[in-house]
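Just below is one structure, and these are the notes that go with it.
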Amino acid sequence: MIADHWPSRTLRIGPASFHLRSPFRRVIDEVNALYRDYPAATNDGIYDYAVNAVPSSPLRRWIKPNLRLECDFEPFDTLPLPVELGMLGLEMGMNLQMAVGYRRHVVVHAASSAEGGKAALLIGDSGAGKSTLSALLAYREGWRHLGDEFALLDLHAPLLHPFPRPISLKNASISTMEARAPTDRFGPVLEGTVKGTIRHLLPPAAAIDAMQTPAEIALVVAPHFRENAAPAWRPMTRTETYVRLAASSTNQALMGEAGFEAVWRCLAHAPAFDIIYGSSDDALELFETLWRKVTA
Amino acid sequence: MTPPAILHRALAAPESMRGLSADDWNALIRVGRAERLLGTVAARAAPLWEALPEGALTCLAEERDLTRGDHLAAGWEINRAALALKNVGCPVILMKGSAYLHTGLAAAEGRRIGDLDILVPRAALPAVEAALLAHGWIQAKENAYDDHYYRTWMHELPPMVHKERGGVIDVHHTILPLTARLKPDAGALIESRVAVADGLFVLGPAEMLLHSAAHVAYDGEFEGGTRNLWDIHCLASDFARIEGFWDGLAAAAEQHQLRTPLSRALRLARRLYGTDVPETLAGRMDIVDRLALRKLHGRDRFGHQGAKLSDRLLYIRGHWLRMPPLMLAQHLARKALRRKAQAQPV
């Protein structure tokens, strides 16, 4: 099989499109299974980013196979991944393209979710509970999932654009969601990653169908999970929120004035709160309280 | 047609972009990104913008905006460096991208501009370094070997980075490594300078083109050659309008021992972009040209350069030209060990 005929899959997620490719058939099969609800072509056949999972050396195609990423925007020297984690590798490759290459919106490392045309932005460090909270909103409260990894801020209006790739659940939150979402929306259990165990949860089909429709930003929440903590919230100033958003954006500074304006416009439009919670029920309740407050 | 040839043709003859298929566009976007030339493609595509497919426009517009940001930042770095070096009392000569931008040359259109490269007299290096340190730049390399490598053998100080803005400045005192076999006349390069805005200078036209040619054909292994040759094409096409330019260029090339690299760069630019070059200056293709052309056409439709034997030969040649054999062996061993130590888990 020559390189031009490797298994591949074109994939549209929100405003971005990817061409994924690997000589390892199982990697692309897994992508096709997980991304079954996503469009497999672009309007004119031209895609934004190529992400290839290639053998780390020609020998590694056949003997103790492992792979590395080749993308439009390249990762640093990285250790090879086992083929079983190949799909995760492609996911990381797509994330890297968004983080490093994408410039059509301000990209913020955040989750986002919408209800009735209005959206909440969930910011915070890895492990703060963004993915879990957005998954709960989608599967328990019936919100429209916009994304759990990157939120896309419009450059001209206070809008969030969906980037609803499969939700990346980690460790304990996997079982939390397994109890609440249909079994057929889950990907395979991926063990032994740098973040521990990962399992993808496909957003509800309606969220994928509506992924070209932006929503007006109405609330910014910075969730903090602390074991057994009593639920609490406090408002954040615009300055504090700006600093947090800017620090969690991959491209805001690089986009100069347009990036600054986009972030500031969103802050000026949506009040921001810091919340602390110890259980998912507390988190949802706090969130609902704040949502009623800002959308009343 | 190789995927890189689609890029070469898009740059030299932008009208060719009207007829590209989706596969062609996908290859052009990949190769253009890999060569850091997609912004230049976007600038060249401006007159036929309306005729291009939506998917291509999205990628080109993104790159065009990126380049605008680059130029704004590069302009500010130039402004800040001019201020920092105002009182050092030596001429400060902008080079490469910053020079093209500050002079308004066609080579700057859509070009990504990264580090700020300047040339100053060697005797002024301590004062220039001190002034930059006093104005917020700090040493970017903390490794003692790297520091030694630059100061002892290279044609530039170790790169410095501004502690607030993150902009990198490379301070050169000549245009080829000190260890290289060819010895350009640094004093004459500085003498050739032409005043531009903000009390700064750029190299004279012939010297500017020679510097670019030295980059293509001598300093390295034709890495980034597609872009360097596009610079050559733009500079040669611009400067050819100056009366007596080619004669002056030939004389300057002799003076700086750069006749061979110049001819090679002009030949390759002519092959890739159809640059109009006097036959006497271009000379004849040789084996190095052929290896270089293989490399320049070596990317696949995903923009990836396979590790071919011809590329290894060029890599070795590039280092061979830079330094004597024993030093080369030691240097490559050190780099190989470091690469191994730096690989990270994803």
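Chain letters run A, B, ... following the sequence lines, proteins first and then strands; every chain starts at 1. Just so it is clear, the model here is predicted, and its values are computed rather than measured.
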Segment of Asn251(A) engaging chain B (4.5 angstrom heavy-atom cut-off):
neither

Would you mind checking which part of Ala34(B) comes under 4.5 Å of any heavy atom in chain A, side chain (CB onward), backbone (N, CA, C, O), both or neither?
neither

Electrostatic pair Asp65(B):Arg68(B) at N-O distance under 4.0 angstrom
yes

Give a yes or no on whether a salt bridge exists between Glu62(B) and Arg104(A), defined as a side-chain N under 4.0 angstrom from a carboxylate O.
yes

Strictly less than 4.5 Å between heavy atoms, which residues of residues 37-51 of chain A line up against chain B? Please order them by number.
Asn43(A), Asp44(A), Gly45(A), Ile46(A), Tyr47(A), Asp48(A), Tyr49(A), Ala50(A)

Taking 4.0 angstrom as the limit, do Arg80(B) and Glu77(B) come out as a salt bridge?
no

Asp70(B), Leu72(B), Ile29(B), Thr58(B): which one forms the most heavy-atom pairs within less than 4.5 Å of chain A?
Thr58(B)

I need the residue from Asp72(A), Leu254(A), Asn52(A) with the largest number of non-hydrogen atom pairs under 4.5 Å to chain B.
Asp72(A)

Do Asp198(B) side-chain atoms and Leu200(B) backbone N/O form a donor-acceptor pair below 3.5 Å?
no

Could you check whether Glu149(A) pairs with Lys130(A) (Lys NZ or Arg NE/NH1/NH2 to Asp/Glu carboxylate O, under 4.0 Å)?
no

For Glu74(A), which atoms come within 4.5 Å of any heavy atom of chain B: side chain, backbone, both, or neither?
side chain

Can you tell whether the side chains of Lys141(B) and Asp147(B) come within less than 4.0 Å, N to carboxylate O?
no

Assess the pair Phe150(A) and Tyr102(A): is the distance between their ring centroids shorter than 6.0 Å?
no

Go through the structure and list residues passing ring-ring contact (aromatic ring centres under 6.0 Å, His included) with His162(B), not counting sequence neighbours.
Trp137(B)

